[in-house]
Amino acid sequence: MTYQPALELAAQFKDELNPNQWRAATHLDGPMLVIAGAGSGKTKTLVYRVAHLIHQGIDPSSILLLTFTKKSAYDMMRRASSIVGDRSQQVAGGTFHSVANMLLRVFAPTVGFDPGFTILDRSDADDLIGVIRGNWLSRLDVRFPKKSTIGSLISRAVNTGKSLESVIAEDSPNFLEMASDIRQIAIEYTERKRTSQLMDYDDLLLFFREALENRLVADQISEQYRYMMIDEYQDTNAIQCDIIRMMGRHGNVMAVGDDAQSIYSFRGASIQHILDFPTHFPNTQVVTLDQNYRSTQPILDLTNAVIGQSTHSHYTKVLFTNQDGGARPVYIEAMDERAQSQYVKTQILAFREEGVSLNDMAVLIRSGYHSNDLEIELNASGIPFQKFGGFKFLETAHIKDVVAYLKVIQNPSDEISWSRVLGLLDGVGAKTISRIISNLDRLRAGETIGLHKKRCWDGLKQLLGVLENRDLPAKLLDRILAHYLPLMTIRYDDHHRRMGDIESLKPIVARFDSLPLLLSDLSLDPPELSQGGVLGGGSDDERLTISTIHSAKGLEWQVVFLISMVDGYLPSMQSLGSDDQIEEERRLLYVALTRAKRYLMILKPHMESGGRFGSGVALTEPCRFLTQSNLIAHYTNQIVLKKESRRHRQWVVPGSLDSPQPSRKKYYF
DNA sequence: CAACTAAATCTTTTT
DNA sequence: GATTTAGTTG
């Protein structure tokens with residue numbers, strides 16, 4: 001990549017950016033807040049700013065880019081390097097968690113941790129809580145919240161800065177009488193993490209903030225990162241906000257966000273932080289980006305109307321576009337989930353025949369399981385898809401098993417991984433596990449601690465041999481698999497399918513030559529589990545995307561299907577408690593709708609009482625944010641699917657595709 | 001003490 | 001449907 005002369009580059013900037021984008025991209029020193037509506041070229045602006053800073057002679061390694069996902073950090077860096085060359089590779093970037101991790105690997109001793117600490121993902125954390133909870137439960141005979149519930153209560157308390165008691169009161173008042181027991185579990189959880197050198201996701205932020213309270217640490221870090229940019233600022237929580245303020249005392253902080261897209265309050269995020277930014281950083285300049293480059297006007301009309309009804313929007317902006325024409329969004333009522341899936345499948349095939357790649361289509365859902373029915377349908381029709389959100393590759397039992405061996409090698413005091421690994425041996429249960437863990441040193445020294453005549457003895461000796469070694473991750477994995485694969489074959493009936501996952505883990509592990517790096521990368525940026533049938537014949541990399549709305553944030557597709565838009569799914573049942581939560585669900589709908597570039601289809605199935613909800617409540621009403629002020633009638637074309645139309649396969653095709661469709665029998669079986 | 005079976009309960013979103 | 005608890009067997 002060749003560098004362009006400064007003048008030429010500036011001219012190119014001015015050509016490709018609108019005046020407000022230009023103002024933000026060429027901003028140099030001092031705090032700036034960019035309020036960027038959906039699809040307003042926010043990423044492009046950030047990329048150009050990076051390029052501009054580097055061009056002004058700023059050392060790339062003094063630029064820190066905090067983004068919401070690692071993927072978007074890479075994305076921006078890649079785009080910046082096409083403008084300004086390889087120097088942009090030196091820009092530091094990542095999520096709050098990954099940056100905290102990176103710096104804690106250096107500064108952990110400041111907060112009393114070993115730099116080789118292990119990161120607990122959510123289910124590891126729950127396992128640890130489960131152990132502690134088990135100890136408590138024997139002394140209790142009341143119904144007690146399960147480990148994952150306790151885990152989220154603790155996490156919520158940490159992230160919102162509220163007391164555990166008040167979180168319980170808001171979240172699950174039915175457990176209020178057990179509050180002091182839960183508190184005791186939380187305290188023990190914190191202690192156990194420290195003695196075992198474990199940090200959960202929250203700890204990464206918490207201890208990073210604590211480290212920054214040390215003047216010497218803060219000085220070095222803010223001196224290193226002279227220019228900071230934070231994307232998705234509306235989703236920062238109080239801890240992250242503190243971190244920004246401590247790291248950014250030089251004031252060269254640019255925050256980018258959209259209060260209308262704040263959807264992470266369950267993680268302690270509050271739009272108050274973006275509203276307070278000008279207070280935290282005096283003399284902040286505010287720039288608003290409100291020209292939309294993504295969607296057609298009919299789609300924007302609907303999204304503007306949806307967010308316009310929000311009572312909580314502060315930086316009000318009505319998005320507009322210069323693009324003409326476009327199809328209105330389509331609202332489809334289906335008899336049931338089955339009919340919904342059928343319709344989506346048929347439409348996908350129709351679009352594909354029109355030349356739209358599966359890569360340009362997405363199905364968005366509020367919760368992971370909302371696509372269960374559709375996934376079955378897609379599998380049956382051989383339409384390949386990739387699902388984001390829901391459970392992850394790393395969370396499947398067999399992958400967690402393998403990673404646990406690696407974690408034990410990295411951090412021998414990680415008791416959770418020890419118990420996972422030991423529990424895999426035949427004849428080893430809870431009692432034996434705790435006996436082994438408390439006598440590890442003696443065992444390693446060659447003592448038998450009275451276990452030599454148990455049936456697990458041989459396996460245990462073999463295990464210890466495997467874990468002795470320090471080697472390249474790839475070699476370690478080979479050794480581990482030699483020990484683990486026989487155990488896996490016995491344990492899981494479907495070990496053939498699981499074997500495939502193990503195989504796909506190998507190349508990932510081979511990319512790393514350092515075990516600590518491998519492990520923190522796996523926890524902070526877990527590879528997504530892709531699934532779905534393979535389209536017959538020359539299968540390219542073409543895949544439909546199914547994604548939760550949360551995971552779809554920041555992305556866009558030509559065609560978007562928003563399914564299961566019944567009141568109770570969105571807004572979700574659990575959110576109906578408070579006005580604030582309901583407003584967040586409205587913003588969630590807004591985020592979903594603004595992902596669509598050209599075609600937007602909203603589906604509402606009729607959910608009969610046969611649904612998963614125990615009380616037998618039928619969910620029949622459309623999403624309340626769409627019925628309010630009759631938005632459906634005003635901004636969409638409506639289709640009601642009748643049984644007959646399904647039988648005869650006479651589909652009504654929206655937009656430019658409304659010519660009669662030929663039957664597509666070849667795809668049905 | 002480990003492993004299995006049966007009944008009971010609650011079901012969002014993510015780093 | 002998964003997770004959890006109690007009760008049973010080997």
Side-chain angles (χ1 to χ4, degrees), chain A residues 66-71 94-101 119-123 125-127 130 133-134 137-138 140-149 151-152 155-156 158-159 171-172 174-175 199-206 232 235-237 239-240 262-269 364-370 372 388-392 394-395 397 423 425-435 451 454-456 491 520-526 528 547-553 564 568-577 581 584-585 587-588 591-592 611-615:
Chain A
L66 284 164
T67 54
F68 203 70
T69 63
K70 253 190 177 169
K71 189 174 163 296
T95 61
F96 274 92
H97 291 85
S98 68
V99 169
N101 173 59
I119 299 171
L120 295 177
D121 68 24
R122 195 39 212 272
S123 62
D126 285 350
D127 286 345
R133 175 180 178 278
L137 210 59
S138 53
L140 281 157
D141 51 355
V142 281
R143 181 148 297 282
F144 211 70
K146 52 185 181 188
K147 60 183 182 185
S148 61
T149 309
S152 40
S155 176
R156 180 91 71 126
V158 169
N159 281 303
D171 230 47
S172 29
N174 45 326
F175 296 133
M199 286 198 200
D200 63 25
Y201 288 138
D202 300 333
D203 291 333
L204 288 174
L205 299 182
L206 224 43
E232 311 282 12
D235 286 321
T236 52
N237 65 27
I239 306 171
Q240 294 167 322
S262 167
I263 53 174
Y264 277 95
S265 71
F266 66 92
R267 219 165 70 184
L364 301 184
I365 48 184
R366 164 76 244 254
S367 310
Y369 65 90
H370 291 173
N372 287 351
F388 294 94
F391 72 54
K392 303 255 191 315
L394 203 71
E395 279 162 4
L425 296 170
D426 197 27
V428 177
K431 294 285 177 196
T432 315
I433 287 175
S434 64
R435 181 143 138 233
L451 291 168
K454 296 198 64 166
R455 64 191 152 129
C456 63
R491 181 162 289 257
S520 40
D521 225 65
L522 281 178
S523 314
L524 294 172
D525 189 22
E528 307 272 348
S547 173
T548 59
I549 299 173
H550 284 88
S551 301
K553 183 150 135 142
S564 299
Y569 271 23
L570 195 152
S572 89
M573 286 290 212
Q574 297 89 315
S575 72
L576 299 179
Q581 283 186 63
E584 177 150 322
E585 298 283 310
R587 294 192 293 269
L588 209 44
V591 170
R612 287 131 278 276
F613 287 92
S615 40

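Reminder, nothing fancy here: chain letters follow the sequence lines and each chain counts from 1.
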Exercise. Begin from the C-alpha positions of A/Gln574 and A/Gln581 and carry the test side-chain contact (heavy atoms from CB on, under 4.5 Å) through to its verdict.
Key: CA-CA 9 Å; A/Gln574 297 89 315; A/Gln581 283 186 63; 5.8 Å; no

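- Scanning all heavy atoms of the two residues, the minimum distance from A/Ala552 to A/Ser547 falls at N-OG, 3.4 Å.
- Residue A/Tyr569 comes nearest to A/Tyr369 through the heavy atom pair OH-CE1, 4.1 Å, listed as atom of the first residue, atom of the second, then distance.
- Only one option out of A/Leu206, A/Asp126, A/Leu120 pairs with A/Asp200 in a side chain to side chain contact (heavy atoms under 4.5 Å, CB included); it is A/Leu120.
- Of the listed nucleotides (B/dT13, B/dT11, B/dT15), B/dT13 has the atom at the smallest distance from the side chain of A/His550.
- You can call A/Phe266 stacked on the base of B/dT13; the centres are under 5.5 Å apart and the planes sit within 30°.
- For the pair A/Leu66 CG and B/dT15 P, the interatomic distance rounds to 15 Å; values are reported in whole Å.
- The side chain of A/Thr548 places an N or O atom within less than 4.0 Å of a non-bridging phosphate oxygen (OP1 or OP2) of B/dT14.
- Following rounding to the nearest Å, A/Asn159 (CG) and B/dT14 (P) show an atom-to-atom distance of 15 Å.
- Rounded to an integer number of Å, the gap from A/Glu585 CD to B/dT13 P is 11 Å.
- Considering only side-chain atoms of A/Arg455, the nucleotide from B/dT14, B/dT12, B/dA3 that sits closest is B/dA3.
- The residue A/Asp426 sits close only to the backbone: its heavy atoms come under 4.0 Å of sugar-phosphate atoms, none of a base.
- Below 30°, between 30° and 60°, or above 60°: for A/Tyr264 and A/His550 the angle between ring planes is above 60°, a perpendicular geometry.
- One atom, CG of A/Asp235, and another, P of B/dT15, lie 12 Å apart when rounded to the nearest Å.
- A salt bridge does not link A/Arg122 to A/Glu395: none of the charged nitrogens lies less than 4.0 Å from a carboxylate oxygen.
- If you measure from atom CG of A/Leu206 to atom P of B/dT15, you get 19 Å, rounded to the nearest angstrom.
- For B/dT13, its base sits under 3.5 Å from the side chain of A/Arg366 at one donor and acceptor pair at least.
- Nearest-nucleotide mapping onto DNA chain B: of A/Val428 and A/Gln581, the residue sitting toward the 5' end is A/Val428.
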Distances for protein N/O vs nucleotides 3-10 of chain C N/O pairs under 3.5 angstrom?
residue : atom : partner  : partner atom : Å
C/dT5   : OP1  : A/Arg133 : NH1          : 2.9
C/dT5   : OP1  : A/Arg133 : NH2          : 2.5

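- At the heavy-atom level, A/Tyr264 lies under 4.0 Å from the strands shown only through sugar-phosphate atoms.
- Distance CD (A/Gln574) to P (B/dT13): 9 Å, rounded to an integer number of Å.
- Look at CD1 on A/Ile365: it is 8 Å from P on B/dT13, rounded to the nearest Å.
- Minimum interatomic distance between A/Leu524 and A/Ser98 (heavy atoms only, all atoms of both residues): CD1-CA, 3.7 Å.
- Note: CD (A/Glu584) to P (B/dT14) measures 13 Å, nearest angstrom.
- DNA chain B is contacted by both A/Gly423 and A/Leu524; A/Gly423 maps to the nucleotide lying nearer its 5′ end (nearest heavy atom per residue).
- Scanning all heavy atoms of the two residues, the minimum distance from A/Leu588 to A/Ile549 falls at O-CG2, 3.5 Å.
- OP1 or OP2 of B/dA2 sits under 4.0 Å from a side-chain N or O of A/Thr432.
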